Amino acid sequence: MANPLYDTLFGCHAGRTAPFLHLADGGTLSYDAFLRLAARYAHAFRAAGLEPGDRLAAQIEKSPEALAVYAACVQAGIVFLPLNTGYTGDELKYFVTDSSAKLLLCDGARADALRPMAEAAGAVLMTLDEGGSGTLSDAARDMPETFDTIPRDGDDLAAFLYTSGTTGRSKGAMLTQTNLLSNAEVLVAYWQFSADDVLLHALPIFHTHGLFVATNIVLLAGGAMIFLPKFDLDQVIAHLPRATTMMGVPTFYTRLLDDPRFTRDLVAHMRLFTSGSAPLLAETHVAFEARTGHRILERYGMTETNMNTSNPYDGERRAGTVGFPLPGVELRITDPESGETLPQGEIGLIEVRGPNVFKGYWNMPEKTAEELRGNGFFITGDLGLIDDRGYVHILGRSKDLIISGGYNIYPKEIELLLDDQPGVLESAVVGVPHPDFGETVVGFLVPQTGMTPDLDAIGAAAARSLARFKHPRKLIILDALPRNTMGKVQKNVLRDEYGGLFAGP
Ligand code: MLC
Ligand code: AMP
């Protein structure tokens with residue numbers, strides 16, 4: 001096949017007038033119209049000087065046009081690099097420079113602020129607004145509606161997704177065509193997706209979950225999506241009656257359960273709810289079944305690997321577990337010290353191997369070698385066990401990571417910023433339980449002798465540099481950080497002591 005990912009997900013739908021996207025305003029976009037738009041974008045990117053293999057960084061609001069940018073990149077052999085819309089200019093600068101992106105696509109409202117950075121990085125700047133207008137649309141307006149798909153191998157890169165790191169420096173995970181396609185194929189079969197499915201899509205499309213899991217599956221199955229700009233409770237409840245399936249992070253489900261309009265009748269016709277990206281509390285699983293009669297299907301994945309495990313479609317979906325390794329994915333539990341495989345039932349590091357596992361971190365051979373073994377097993381940094389029935393349980397993380405509403409936050413990045421603030425000697429950042437986001441960020445500061453750090457000014461400094469979801473929801477001054485005899489900060493002590501900060505009434 002000339003371009004396996006394009007041909008299998010997109011090209012096969014050419015000329016199809018069936019709906020691909022149902023929009024919040026009642027409009028519909030057919031597969032054919034979507035592909036014609038993507039082809040025009042592909043021409044515009046080529047005209048802007050992009051060659052196959054070049055990176056295109058996109059910080060754009062969720063819209064049908066934004067999804068067409070992904071399709072255009074795949075068709076033109078360009079590596080798609082989607083970025084969280086919440087990232088600040090400081091954060092974007094790192095991604096654009098580190099990836100040597102040839103083009104930065106952003107919202108028109110941010111263009112003036114970002115242009116100097118893009119120019120300095122040697123990237124062309126184009127704009128795409130939420131409504132679909134901008135310099136990209138202008139450039140694409142008179143372009144042909146078909147594009148000669150650029151041939152690619154399964155091993156060629158399709159996307160770069162940045163994931164934060166324990167050192168505070170984000171890593172660009174390189175995902176190949178085969179990584180994405182193999183996972184979509186497995187999931188369509190495992191979750192029994194078909195052309196009759198209508199997926200309620202309220203996730204962001206700059207992460208694996210909303211972009212690859214949700215979108216690629218629907219494309220491969222030839223179904224349709226109700227494509228909402230974001231998770232808005234009223235809209236989700238209004239659109240659920242037309243959907244057959246929904247994918248979400250746990251926050252989606254706890255928010256729905258908090259709303260009396262979310263009833264058994266509202267979702268009686270649904271065939272599947274899936275959850276992932278963060279732990280689904282067993283109590284949410286149980287409450288969801290009691291309310292709706294549906295058992296949420298929990299699965300486990302990550303940016304570097306796409307999806308690794310899933311509870312079964314037909315068999316028992318066990319609360320508090322992430323199910324079985326997916327077909328083609330090998331999963332083992334290893335001793336964190338020796339790397340030896342542990343016997344069934346013992347807790348250790350979760351490692352995975354399969355066609356879904358990424359190619360490595362962009363320009364970071366040492367980091368890649370630390371996490372991706374020579375034999376192909378990827379060390380996920382999650383701790384877990386396999387129970388006597390083969391279900392995988394995730395029991396913690398060896399990586400210092402906070403997951404807030406499905407977004408990953410590495411404490412180190414925030415600590416580096418806090419340590420730099422006037423009057424601060426040192427800091428520690430931990431995640432504590434939060435009723436809506438699962439976990440949220442708390443920062444602890446130790447003042448320099450005789451100084452009183454200005455917490456408002458520190459909050460403002462965080463706001464300037466970091467995306468909103470990373471901001472500490474609380475800053476607390478301590479005389480000293482708890483340390484063990486080796487001098488290592490005991491974050492577990494802070495988590496235990498301050499774990500009730502956001503507890504409900
Ligand atoms: C938004 N805010 C968040 C936040 N999302 N803060 C912390 N954590 C988050 N996840 C900010 C907002 O900017 C706002 O700031 C305030 O918090 C409250 O906003 P909100 O209106 O309640 O937030 P909302 O826009 O509704 O977003 C919450 C959310 C969203 C949970 C719906 O974050 C979301 O869609 N999350 C999904 C993330 C995801 O797709 N992850 C997949 C990663 S892939 P202010 O200033 O108003 O207070 C992956 C692999 C895998 O992990 O296995 O899937
Ligand atoms: P990301 O790097 O954003 O792709 O996040 C991946 C991480 O999310 C994994 O390493 C896990 O720690 C976490 N994760 C994903 N799915 C689940 C799940 N179902 N239960 C618990 N943690 C999960």
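Throughout, residue positions are numbered sequentially from 1 according to the sequence presented. No experiment lies behind these values; they were computed from the predicted model shown.
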Do [X] and [Y] come close enough that some side-chain heavy atom pair is under 4.5 Å?
{"X": "L67", "Y": "F34", "answer": "yes"}
{"X": "R46", "Y": "E51", "answer": "yes"}
{"X": "L56", "Y": "V69", "answer": "yes"}
{"X": "Y300", "Y": "T380", "answer": "yes"}
{"X": "F212", "Y": "N356", "answer": "no"}
{"X": "L9", "Y": "L181", "answer": "yes"}
{"X": "L445", "Y": "I458", "answer": "yes"}
{"X": "L125", "Y": "C106", "answer": "yes"}

Would you say [X]'s side chain and [Y]'s backbone share a donor-acceptor pair under 3.5 angstrom?
{"X": "H434", "Y": "S404", "result": "no"}
{"X": "K230", "Y": "P204", "result": "no"}
{"X": "D32", "Y": "T17", "result": "no"}
{"X": "H269", "Y": "P241", "result": "yes"}
{"X": "Q177", "Y": "A158", "result": "no"}
{"X": "R55", "Y": "S99", "result": "yes"}
{"X": "E439", "Y": "I402", "result": "no"}
{"X": "D25", "Y": "G27", "result": "yes"}
{"X": "R152", "Y": "D156", "result": "no"}
{"X": "N408", "Y": "T163", "result": "no"}

- Pair Y407 + F437: ring centers closer than 6.0 Å: no
- Is the gap between the ring centers of Y70 and F10 under 6.0 Å? yes
May I ask you to check whether over 12 heavy atoms, not counting those of [X], lie within 6.0 Å of atom [atom1]?
{"X": "K93", "atom1": "NZ", "answer": "no"}
{"X": "K474", "atom1": "NZ", "answer": "no"}
{"X": "D90", "atom1": "CG", "answer": "yes"}
{"X": "K491", "atom1": "NZ", "answer": "yes"}

- Over-ring placement of K62 relative to F227, 6.0 Å and 45° cut-offs: yes
Mind listing the closest non-hydrogen atom pair of [X] and [Y] along with its distance?
{"X": "E298", "Y": "L280", "value": "OE2-N, 3.3 Å"}
{"X": "P453", "Y": "P447", "value": "CD-CB, 3.7 Å"}
{"X": "L157", "Y": "F160", "value": "CD1-CE1, 3.8 Å"}
{"X": "T440", "Y": "R473", "value": "OG1-CG, 3.1 Å"}
{"X": "P52", "Y": "I150", "value": "CG-CG2, 3.7 Å"}
{"X": "E65", "Y": "G131", "value": "OE2-O, 4.2 Å"}

- Decide yes or no on side chain to side chain contact (heavy atoms under 4.5 Å, CB included) for E185 and L220, but give the supporting numbers first. CA-CA 7 Å; E185 281 166 348; L220 187 64; 3.6 Å; yes
Return the [atom1] to [atom2] distance between [X] and [Y], rounded to the nearest 0.5 Å.
{"X": "M174", "Y": "M364", "atom1": "CE", "atom2": "CE", "answer": "10.5 Å"}
{"X": "L104", "Y": "L83", "atom1": "CG", "atom2": "CG", "answer": "8.0 Å"}
{"X": "L187", "Y": "M247", "atom1": "CG", "atom2": "CE", "answer": "7.5 Å"}
{"X": "L128", "Y": "D107", "atom1": "CG", "atom2": "CG", "answer": "8.0 Å"}

Whether [Y] and [X] form a salt bridge (side-chain N of Lys/Arg under 4.0 Å from carboxylate O of Asp/Glu) is what I want to check.
{"X": "R40", "Y": "D142", "result": "no"}
{"X": "R169", "Y": "E366", "result": "no"}
{"X": "R255", "Y": "D259", "result": "no"}
{"X": "K470", "Y": "E91", "result": "yes"}

- Task: With side chain to side chain contact (heavy atoms under 4.5 Å, CB included) as the test, would you mind laying out the steps for L256 and L233 before giving the verdict?
- Result: CA-CA 7 Å; L256 282 168; L233 198 52; 3.7 Å; yes
- Task: May I have all residue pairs that pass ring pair (Phe, Tyr, Trp, His ring centres under 6.0 Å) and include part of residues 92-126, sequence neighbours excluded?
- Result: Y87-F95, F95-Y162
- Message: For residues 100-147, which residue pairs pass the ring pair (Phe, Tyr, Trp, His ring centres under 6.0 Å) check, not counting sequence neighbours?
- Response: H43-F147
Checking [Y] against [X]: is there a side-chain donor and acceptor pair closer than 3.5 Å?
{"X": "T274", "Y": "W191", "value": "no"}
{"X": "T149", "Y": "Q75", "value": "yes"}
{"X": "S427", "Y": "D419", "value": "yes"}
{"X": "D197", "Y": "T244", "value": "yes"}
{"X": "E304", "Y": "Y361", "value": "yes"}

- Query: Taking the six-membered ring for Trp, are F262 and F273 parallel (under 30°), tilted (30 to 60°) or perpendicular (over 60°)?
  - Reply: perpendicular
Give the table of side-chain donor-acceptor pairs shorter than 3.5 Å for residues 133-141, with sequence neighbours excluded, one pair per line with atom names and distance.
unit_1	atom_1	unit_2	atom_2	d
S133	OG	D129	OD2	3.3
T135	OG1	T127	N	2.8
T135	OG1	T127	OG1	3.4
S137	OG	G132	O	2.3
D138	OD1	R141	NH2	3.2

